[in-house]
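Take a look at the structure below.
Atoms within a ligand are numbered from 1 in the order they appear, just like the ligands themselves. One is the number of the first residue; the rest follow in order along the sequence. Computed from heavy atoms alone, side chains included, the values below leave out hydrogens, waters and symmetry copies.
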Amino acid sequence: MIPTDVGVGRYAPSPSGDLHIGNLRTALLAWLFARHTDRGFVLRMEDLDRVAHGAAERQLDDLRALGIDWEPPVVRQSDRRSFYDNTIETLTARGLTYECWCTRREILEAPAAPHTPAGAYPGTCRNLTGAELAERRAGNRPPALRLRSSVQHMTVTDLLHGEYTGAVDDLVLRRNDGTPAYNLVVVVDDAAQGVDQVVRGDDLLSSTPRQAYLAALLDIAVPTYAHVPMALNREGVRLAKRDGAVTLADLAAAGVTAPVAVSVIAESLGLAARGESVTASDLLTRFDPALLPRQPWVFDPSSVRRSVVRPAPG
Ligand code: GLU
C-alpha cells in the first residue's frame, strides 16, 4: 500500500502490442519523475480498445527488465466498467450530458460554430428539440453521450511546457459503441489510483485541458502534468513498431540487451555518457527534470547496434 500523503505517479499503456523503445523511454521517465519525488508508482492497462493477445504480460515483463518497479495491483480498465458508468450517471443526473448522433464526417463537415475553437465539436446535438430527439431515438443508430461543457478553453500547468491553454468542448464521455471514452476513464482512474502526477507523451498535451475540466467538474484535484517529448524515426515521423528493431524483443535479437537499452535511453535523456553502462536506479540520483531535452528523440536502430558491437581488441 502507498501512504496517501506521498503522491503517486503512473504509466498507463494500451496493450495493443509490444512497447517500443519510445514507449519504454516515456515509462522510464514517468518512473523517474515519481520515484525522484518519493512518490508511489502504479500501472494501468488501458485495455478498453484493441488488445493484442499476451501484450499486457509482455509489457509488464519489459518494464521489469528495465528495472522499473511499481506498487500492485496493476489496474485493468476492462474490470472497471461500473465505475465509469456510475460517473456518467452522476454527470447525467446533474444535467451535464446529452446524446449525440453525429457521425465523424458530419462533425468534420459542419460549419464551425462562432467562438468555437478549431477541432471542437460544433454543438449540433446540444440543443435538439423534443421532436428532434424523439426522431433520432427512433432510428437505428445508437447515440454517443457528450459532456455539456460550459467553457471553451482551460489552462493547465505542465512541468515542461509551462502554462498551456487548449480547447475544451462537449467531449464524448461514452462512444456510440457503448465504450467509455479515454478522456473520461483517464480522469476517473487517475483519481481512483491516487495519482497526483501524470507523466506521458506530449502527443496528449492537447487533451489535457479537457481532462482537467472534467476533473474539476467531478471535484477531483487536477494532477501535476509533465508531457515529455516523443521518439521519432529517422524520417522524423513518430516511432512505430513497423520501423523495425524497436521493441525489447527485436533489440535483444540484434544483440541489444535490456540493460543496454536502459543505457541507450539514459544517453538520449542526457543522463549517461555514450557507451556508459547505467541502471534505472543509477538514474534516480542523476535525474533533474529541468535538464531534460525538450526536443523529440530520433531513434536510429543501426546506430544502437553499432554502439554495442565493439571492435575486437588488438
Ligand atoms: N494509454 C495511452 C497510451 O498508451 C496513455 C494515456 C495516458 O497516459 O493518459 O498512449
Side-chain angles (χ1 to χ4, degrees), residues 7-34 39-52 55-60 62-63 66 68 70 74-81 83-84 87 154 156-161 164 166 168 171-173 175 179-215 218 220-232 237-242 246-248 296-297:
V8 178
R10 50 72 149 184
Y11 183 59
S14 307
S16 54
D18 288 357
L19 297 170
H20 62 57
I21 194 155
N23 306 134
L24 294 167
R25 183 180 190 251
T26 301
L28 186 64
L29 278 171
W31 179 84
L32 285 168
F33 266 97
R39 282 179 163 84
F41 190 65
V42 297
L43 297 185
R44 177 169 72 242
M45 284 294 158
E46 301 211 324
D47 62 351
L48 295 179
D49 275 313
R50 197 173 65 80
V51 170
E57 287 65 33
R58 289 198 303 278
Q59 292 188 344
L60 297 180
D62 287 353
L63 296 172
L66 294 191
I68 292 175
W70 58 86
V74 176
V75 165
R76 282 167 210 271
Q77 290 186 325
S78 51
D79 293 334
R80 294 183 40 79
R81 291 294 280 253
F83 293 95
Y84 312 136
T87 306
M154 177 129 176
V156 294
T157 307
D158 183 282
L159 294 176
L160 301 182
H161 295 261
Y164 172 84
V168 176
L171 51 111
V172 171
L173 299 170
R175 302 187 327 218
T179 309
Y182 161 68
N183 282 315
L184 172 82
V185 298
V186 73
V187 171
V188 171
D189 288 344
D190 280 339
Q193 291 186 276
V195 169
D196 72 333
Q197 182 194 57
V198 169
V199 177
R200 57 188 176 191
D202 61 13
D203 56 330
L204 290 169
L205 180 61
S206 64
S207 308
T208 307
R210 290 179 172 86
Q211 295 169 14
Y213 177 66
L214 203 45
L218 293 169
I220 292 170
V222 175
T224 300
Y225 294 107
H227 286 86
V228 301
M230 313 278 288
L232 308 180
V237 175
R238 194 202 291 191
L239 195 69
K241 276 186 290 285
R242 66 178 165 278
V246 291
T247 66
L248 276 196
W297 175 42

Can you pull every nitrogen or oxygen pair between ligand 1 and the protein closer than 3.5 angstrom?
from, atom 1, to, atom 2, distance (Å)
ligand 1, 1 (N), Ala12, O, 2.8
ligand 1, 1 (N), Ser14, OG, 2.9
ligand 1, 1 (N), Glu46, OE1, 2.7
ligand 1, 4 (O), Ser14, N, 3.4
ligand 1, 4 (O), Ser14, OG, 3.2
ligand 1, 8 (O), Arg10, NH1, 2.6
ligand 1, 9 (O), Arg10, NH2, 3.0
ligand 1, 9 (O), Tyr182, OH, 2.7
ligand 1, 9 (O), Arg200, NH1, 2.9

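Contacts of Arg25 classified as salt bridge (charged side-chain N to carboxylate O under 4.0 Å, His left out), with partners at least two apart in sequence or in another chain: none.
Ion pair Asp49/Arg175 flagged as a salt bridge, since at least one NZ, NE, NH1 or NH2 atom sits closer than 4.0 Å to an Asp/Glu carboxylate oxygen. Salt bridge Asp203/Arg238: present, at least one basic N to carboxylate O contact under 4.0 Å. Asp47 and Arg76 are not joined by a salt bridge, as no carboxylate oxygen comes within less than 4.0 angstrom of a charged side-chain nitrogen.
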Report task. Please assess Arg10 against Leu43 for the test side-chain contact (heavy atoms from CB on, under 4.5 Å), listing each intermediate value before the final yes or no. Result -> CA-CA 6 Å; Arg10 50 72 149 184; Leu43 297 185; over 6 Å; no
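Nearest heavy atom pair, residue Gly7 against residue Asp196, reads CA-OD1, 3.4 Å.
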